[in-house]
Structures are given as C-alpha cells and as structure tokens.
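Structure first, commentary second.
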Amino acid sequence: MKDTKITEEAPFTCEECGAVNTDHDSCEYVGGKLLCESCMEYFLDHAPRVLECDAGVGVDETEPYYWISGYGWHPYDLPERFPYDDVTYKRIDGWRGYNEPSVKAGFTLLDGWTTGYIDSTVGRKHLVNDFLQMIQKPELCPCNLWVYTAQTSNIFSLGIGIAFKTTDAALLDEWLRDHLSCDLVNLQSALS
C-alpha cells in the first residue's frame, strides 16, 4: 500500500479583520495581501466597480473590476488596456463623501453622478442614463469604454466615471451628436 502524505496548510491572518483562517480556498489576494471570505464579501458588496464596454460587444458584466479601498484593484491581474489608476475618497463633511477615480495617461475621464429619481431639479440626468443604457447594446457602443460606478453618501445617487482612450474622443463626440444630440461637453455637464 502506497503511503499518502497528509499536509496541512499553515493558518493565515486576514489583513483586514485579523481573523486566523486555515481554509486557503476561501481567501483572496488583493494588493498582495490575504483577505478572508467574509471581508471580501463585504468589500465586493460595497466597492466601486468597473465594467468594460466595447464596440460590437457592449457591456461585459462577467468581468467586473473592484476597487478594494486600501488594497487596490481586484482582480489584480488587470489587462493592459485598463484605464483606471486609483480611487480616492473625498470627504464632504463628517458624514458624507464620495469616491473619485483617476485614470492613467492617454485616457480621458468624464465623471460625476446620476440618479434613478430624476425630477425637475436634475433633468440633465436623463442624458446620462440614456447614454449608459445605449452603450450596453453591442451595436450601439461606439468604442472601448470603461464605466465606473460607486455608491455615494446620498442613497439616491450613484457615482459614475466614463473612461476612454483620449484618441477616441472625436469618435465618441461624433457618436454622441448622432445618437443623443449632444457632445462630450454636454455629457460631462450632465454628469456634474
């Protein structure tokens, strides 16, 4: 009879909560640090998220990227074309704030917010929501876009970032004129 060697993996301590774990299958590396399953679930439920939209493909919801505050992007093996660099929390006061993304050189970022509760004071948000709906359709997405979404301290608002290669600005501007009767300046204004 052949000997079977039983090996035990060494326990690890979650970088976030300090819990000692022995189940390495339930942990995740983020920014080179191990996080336990419950911390990852919490982070993923609340983390800013990025989805890629591409011409002829539309939105790829199977591969979201998450910003895990203090640890970096997850999964950490980002494609070279990924435009976002960092996310910074901007505090408005003691209770309120929002996450602000930044992009790498060679990319342009339109950012702001939108809401599903559009009234006469924020009618401009119809343009943002129409744009976000249209680019989900493969036949309507004009170029490679990366859409960032994040919770804000206002439960009715969603932080939005739209990143694209700066070299695609003219193409996107023309598409906006043809499909939404606006341009990049109008879209940025609607996001503000």
Would you find a donor on one side and an acceptor on the other, under 3.5 Å apart, between the side chain of [X] and the backbone of [Y]?
X      : Y      : result
Thr13  : Gly18  : no
Gln188 : Asp111 : yes
Asp173 : Leu184 : yes
Asn21  : Ala19  : yes

Rounded to the nearest 0.5 Å, what separates atom [atom1] in [X] from atom [atom2] in [Y]?
X      : Y      : atom1 : atom2 : result
Leu35  : Glu15  : CG    : CD    : 7.0 Å
Gln133 : His126 : CD    : NE2   : 11.5 Å
Cys14  : Glu37  : SG    : CD    : 11.5 Å
Ile118 : Phe156 : CD1   : CZ    : 13.5 Å
Asn186 : Leu191 : CG    : CG    : 11.0 Å
Lys104 : Lys165 : NZ    : NZ    : 12.0 Å

Is there side-chain contact between [X] and [Y], with at least one heavy-atom pair below 4.5 Å?
X      : Y      : result
His46  : Gln151 : yes
Trp113 : Val128 : no
Trp175 : Ile135 : yes
Cys36  : Cys17  : yes
Leu145 : Phe131 : yes
Leu187 : Leu180 : no
Arg96  : Asn154 : no
Phe43  : Glu16  : yes

Apply side chain to side chain contact (heavy atoms under 4.5 Å, CB included) to Leu44 and His74, showing your working. CA-CA 9 Å; Leu44 295 178; His74 176 73; 4.2 Å; yes
Hey, any chance [X] and [Y] share a hydrophobic cluster, counting ILVMFWY side chains that come within less than 4.5 Å of each other, even indirectly?
X      : Y      : answer
Leu109 : Phe164 : no
Met40  : Tyr71  : yes
Ile160 : Tyr84  : no
Leu132 : Met134 : yes
Val185 : Leu110 : no

Which heavy atom of [X] sits nearest a heavy atom of [Y], and at what distance?
X      : Y      : value
Val57  : Pro138 : O-CG, 3.4 Å
Cys182 : Leu127 : SG-CD1, 3.7 Å
Cys53  : Val147 : SG-CG2, 4.0 Å
Phe107 : Pro83  : CD2-CB, 3.3 Å
Asp93  : Trp95  : OD1-N, 2.8 Å
Asp183 : Leu176 : C-CD1, 3.7 Å

The test is side chain to side chain contact (heavy atoms under 4.5 Å, CB included); show your working for Phe12 and Cys27 and say whether it passes. CA-CA 9 Å; Phe12 73 92; Cys27 68; 3.1 Å; yes
Among Thr149, Asn99, Ile68, find the residue that satisfies the side chain to side chain contact (heavy atoms under 4.5 Å, CB included) test when tested with Pro48.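 The option that passes is Asn99.
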Does any donor atom in the side chain of Thr115 or Ser157 lie under 3.5 Å from an acceptor atom in the other side chain?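 Not at all, the side chains of Thr115 and Ser157 share no donor-acceptor pair under 3.5 Å.
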Counting only heavy atoms from other residues, nucleotides and ligands, does the tally under 6.0 Å from OH of Tyr29 exceed 12?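 Atom OH in Tyr29 is not crowded, with 12 or fewer foreign heavy atoms closer than 6.0 Å.
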For Trp73, which of Tyr66, Tyr65, Phe82 qualifies under ring-ring contact (aromatic ring centres under 6.0 Å, His included)?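 Looking at Tyr66, Tyr65, Phe82, the match for Trp73 under the ring-ring contact (aromatic ring centres under 6.0 Å, His included) is Phe82.
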